[in-house]
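Note that the structure is predicted; figures quoted are calculated from it, not measured. Protein chains get the first letters and strands the later ones, always in sequence-line order, with residue 1 at the start of each.
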Amino acid sequence: MITLFASRVYNLVKKVPKGRVTTYKQIAAALNCKAYRAVGQALKVNPYAPEVPCHRVVKQDGSLGGFGGQTKGRKIIAKKNLLAKEGVVISRGKVKDFQKLLFKLG
DNA sequence: TCACTATATCAGC
DNA sequence: GCTGATATAGTGA
């Protein structure tokens, strides 16, 4: 079930250009709320898999967050490769130059 | 209303 | 630096 809130999240994520990343907080802030977790859930059930690259959405500290294939555990390799292809380097499980690559919404 | 969740932030060690 | 607890907001049953 896609809701209005989720649609807004997708819209914002789609705005993130290649080689750039954003955070759950940025998205939530752009929506004028603090539903960081709701954002993650919205992305989780996203029907726009290729259009809404959740791998471009990371945690506030630059770490990949809970995604990376599944929410249980697993390794975060696919995302690392995907981001690396776009110019985003992952170092120690976190985005390198995160602050520079961070795409501020609004 | 209750429980769950891909977060964020603070306190304690 | 890491872990535990708390705050916040949205979704589904």
Side-chain angles (χ1 to χ4, degrees):
Chain A
M1 181 65 182
I2 306 307
T3 59
L4 182 65
F5 177 83
S7 298
R8 287 178 185 159
V9 174
Y10 306 144
N11 191 43
L12 288 169
V13 177
K14 284 194 300 187
K15 280 172 65 173
V16 180
K18 190 184 82 167
R20 227 23 92 83
V21 295
T22 191
T23 70
Y24 297 99
K25 187 178 183 184
Q26 287 291 317
I27 296 169
L31 295 175
N32 202 40
C33 68
K34 298 181 195 126
Y36 317 116
R37 312 183 80 177
V39 174
Q41 270 190 129
L43 289 172
K44 178 183 167 189
V45 299
N46 74 13
Y48 310 103
E51 294 185 72
V52 183
C54 28
H55 64 268
R56 273 187 214 153
V57 185
V58 298
K59 293 191 29 170
Q60 180 61 7
D61 67 318
S63 58
L64 278 338
F67 60 80
Q70 282 172 18
T71 54
K72 290 295 183 183
R74 298 293 198 211
K75 287 187 177 178
I76 307 179
I77 304 176
K79 302 295 180 191
K80 185 175 185 293
N81 276 286
L82 269 168
L83 291 167
K85 266 174 60 174
E86 299 187 352
V88 182
V89 183
I90 307 300
S91 182
R92 290 193 50 143
K94 296 176 67 168
V95 178
K96 188 172 183 168
D97 295 318
F98 171 66
Q99 298 268 348
K100 294 168 69 171
L101 297 173
L102 177 60
F103 183 78
K104 291 171 187 166
L105 301 168

Provide, to the nearest angstrom, the distance between the CD1 atom belonging to A/I27 and the P atom belonging to B/dA6. 16 Å

Would you name the heavy atoms of A/F103 and A/R20 that are closest together and state the gap between them? CB-CG, 3.6 Å

Starting at the 5' end of DNA chain C, what dot-bracket string do you get if Watson-Crick and G-U pairs under 3.5 Å are bracketed, crossing pairs use [ ], other-strand pairs use | and unpaired bases use dots? |||||||.|||||

Would you list the protein and nucleotides 11-13 of chain B atom pairs, both N or O, that sit under 3.5 Å from each other?
none

The reported gap from OG in A/S7 to CG in A/N46 (rounded to nearest 0.5 angstrom) is 11.5 Å

Strictly under 4.0 angstrom, non-hydrogen atoms only: write out the protein contact profile of nucleotides 8-13 of chain C, one letter per nucleotide from the 5' end, B, S or -. -SBSS-

Drop me the distance from A/Q26's CD to A/Q60's CD, to the nearest 0.5 angstrom. 6.5 Å

Less than 4.5 Å apart, side chain to side chain, heavy atoms only: is that true for A/L64 and A/L83? yes

Within this structure, what is the CG-to-C1' distance between A/L102 and B/dA8, rounded to whole angstrom? 15 Å

Take atom NZ of A/K96 as the centre, draw a 6.0 Å sphere, and report whether it contains more than 12 heavy atoms from other residues, nucleotides or ligands. no

First locate atom NZ of A/K18, then atom NZ of A/K85, and finally report the distance between them rounded to the nearest 0.5 Å. 9.0 Å

Take the protein atom CD of A/Q60 and the nucleotide atom P of B/dA6, then report the distance between them rounded to whole Å. 19 Å

Here the gap from A/C54 atom SG to A/Y10 atom OH, rounded to the nearest 0.5 Å, amounts to 10.0 Å

NZ-CG distance between A/K15 and A/N11, expressed to the nearest 0.5 angstrom: 6.5 Å

Could you state the interatomic distance from CG (A/L105) to OG1 (A/T23), rounded to the nearest 0.5 Å? 7.5 Å

A/L101 and side chain to side chain contact (heavy atoms under 4.5 Å, CB included): which partner among A/V89, A/V88, A/V58? A/V88

